[in-house]
Amino acid sequence: MSVFSHLDSVIGKKGAAYVVLIDPDRKNEDSLESCVDSANQSGVDALFVGGSLMMDGKCTERVKQIKQASDIPVIFFPGGVGQLNSYYDAMLFMSVISGRNPHYLIGEQVIAAPMVKDLGIETIPTGYMLMDGGAGSTVEFMSGTRPIPMNRPDIAVAHALAGQYLGMKLIYLEAGSGAKESVSESVIEAVTHNLDIPVIVGGGIRNGQIASEKVKAGASIIVTGTVIEENSNLMSEITDAVHWKE
Ligand code: 1GP
């Protein structure tokens with residue numbers, strides 16, 4: 001079964017899927033093992049691995065370590081083509097469709113494509129939309145794009161629809177890692193009411209209750225990163241909240 005089909009069937013059976021984001025950067029060196037252990041025990045549906053900025057050269061080594069320690073699908077969440085390697089089960093083949101920076105709309109993808117083909121990694125076409133989470137995210141800086149204001153669901157809907165019509169299989173509503181304000185329920189509702197494809201929501205989700213509100217608003221996949229780096233015990237609580245059909 002492809003990784004995309006796995007996620008799709010989890011969404012169908014359990015109501016929504018829960019994904020833990022692991023940043024394979026130096027700052028998580030010490031917590032990597034315990035984080036993967038907790039994911040193995042908490043019923044997490046997939047791991048997103050990647051980050052906007054790597055502060056050392058051991059990213060590939062850490063992805064290998066994650067892959068070897070878990071049977072959960074490991075999905076590349078690309079911060080850049082330099083993080084590509086053979087240990088991922090699939091990748092979000094993303095375009096930053098909320099921005100107008102050609103390098104992140106199509107440039108990185110063209111550089112990556114021949115390597116992706118050579119490595120044989122499953123690709124999941126994903127329209128990535130940066131929303132303003134109030135914290136000036138690393139993604140905003142690194143991608144050189146402006147986030148969509150959170151009080152403009154109409155702009156969010158127009159971008160998400162354009163992504164769907166371009167053939168994206170997923171839309172990612174991102175408030176940015178460590179966002180003060182997660183993607184609002186009104187934005188999620190507006191986008192999901194207009195779309196036929198699943199919507200991922202991430203950035204600033206800090207507990208099961210917040211995750212549950214996002215799912216009730218229409219999110220099909222919930223992503224948490226920061227909160228798990230701080231306290232990996234929260235994974236079970238968030239898994240239970242996201243898997244509301246179980
Ligand atoms: C994934 O960037 C998010 O979409 C993760 O955000 O680190 O705030 O959970 P947090």
Side-chain angles (χ1 to χ4, degrees), residues 7 16-28 31-32 35 38-39 42 44-55 66 74-80 83 91-99 104 124 126-143 145 147-148 150 156 159-160 163 168 170-184 187-188 191 198-215 217-239 241-242:
L7 287 175
Y18 176 40
V19 176
V20 167
L21 170 66
I22 303 179
D23 188 347
D25 187 28
R26 185 173 59 192
K27 67 176 163 38
N28 293 326
S31 57
L32 208 60
C35 181
S38 304
S42 309
V44 167
D45 300 300
L47 300 173
F48 281 173
V49 178
S52 301
L53 187 61
M54 293 298 142
M55 298 304 285
I66 294 165
V74 176
I75 304 175
F76 180 27
F77 177 50
Q83 294 161 29
M91 70 180 288
L92 300 184
F93 203 83
M94 302 197 314
S95 177
V96 184
I97 61 169
S98 54
Y104 287 96
I124 306 174
T126 303
Y128 185 79
M129 292 173 44
L130 185 58
M131 305 296 302
D132 191 351
S137 66
T138 315
V139 182
E140 178 180 345
F141 194 85
M142 298 306 287
S143 68
T145 63
I148 296 174
M150 201 62 85
H159 281 77
M168 302 300 183
L170 297 171
I171 291 294
Y172 198 134
L173 294 178
E174 169 73 273
S177 191
K180 282 190 198 145
E181 197 192 335
S182 53
V183 179
S184 70
V187 166
I188 300 169
V191 168
V199 169
I200 309 175
V201 175
I205 297 174
R206 302 197 61 85
N207 56 46
Q209 197 198 323
I210 299 174
S212 164
E213 283 159 12
K214 307 303 168 195
V215 170
S220 292
I221 301 176
I222 296 293
V223 184
T224 65
T226 307
V227 87
I228 296 309
E229 287 166 15
E230 292 164 5
N231 175 10
S232 60
N233 295 329
L234 270 171
M235 277 188 219
S236 310
E237 174 189 318
I238 302 177
T239 308
V242 171

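All ligand and atom numbering here is 1-based and tracks the order in the structure.
- Residue, atom and distance of the protein heavy atom nearest to atom 10 (P) of ligand 1 are Thr226 OG1, 3.4 Å.
- Residue Gly204 approaches ligand 1 through these ligand atoms, each under 4.0 Å from one of its heavy atoms: 6 (O), 8 (O), 10 (P).
- Atoms of ligand 1 lying under 4.0 Å from at least one heavy atom of Val223, given by number and element, are 1 (C).
- Protein heavy atom in closest approach to atom 4 (O) of ligand 1: Tyr172 OH, 2.4 Å.
- Ligand 1 does not have Val227 within reach: every non-hydrogen atom of the residue lies 4.0 Å or more from it.
- Near Gly178, meaning under 4.0 Å from one of its heavy atoms, ligand 1 places the atoms 7 (O), 8 (O), 10 (P).
- Ring geometry for Phe48 versus Tyr172: interplanar angle of 30 to 60°, hence tilted.
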- [ ] Tell me, with the steps shown, if Ile200 and Leu173 meet side-chain contact (heavy atoms from CB on, under 4.5 Å).
- [x] CA-CA 6 Å; Ile200 309 175; Leu173 294 178; over 6 Å; no
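- For atom 6 (O) of ligand 1, the nearest non-hydrogen atom of the protein is Gly203 CA, 3.3 Å.
- Looking from atom 3 (C) of ligand 1 to the surrounding protein, the closest heavy atom is Glu174 OE1, 3.3 Å.
- Residue Ala241 comes nearest to Ser212 through the heavy atom pair CB-CB, 4.1 Å, listed as atom of the first residue, atom of the second, then distance.
- Residue Thr224 approaches ligand 1 through these ligand atoms, each under 4.0 Å from one of its heavy atoms: 9 (O).
- At least one donor-acceptor pair under 3.5 Å links the side chain of Asn207 to the backbone N or O of Ile210.
- Set against the non-hydrogen atoms of Leu21, the atoms of ligand 1 under 4.0 Å away are 1 (C), 5 (C).
- Nearest protein heavy-atom neighbour of atom 9 (O) of ligand 1: Gly225 N, 2.7 Å.
- Short contacts between ligand 1 and Gly202, defined as distances under 4.0 Å to a heavy atom of the residue, involve ligand atoms 4 (O).
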- [ ] Please test Thr224 against Tyr18 for side chain to side chain donor-acceptor pair (under 3.5 Å), starting from the C-alpha separation and ending with a verdict.
- [x] CA-CA 8 Å; Thr224 65; Tyr18 176 40; 2.7 Å; yes
TODO: Applying side-chain contact (heavy atoms from CB on, under 4.5 Å), run through Thr239 and Val44 and close with a yes or a no.
DONE: CA-CA 6 Å; Thr239 308; Val44 167; 4.2 Å; yes
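- Taking both residues in full, the closest heavy atoms of Thr226 and Gly178 are given as OG1-N, 3.6 Å, listed atom of the first, atom of the second, then distance.
- When atom types are taken as modelled, the side chain of Asp132 and the backbone of Pro147 share no donor-acceptor pair closer than 3.5 angstrom.
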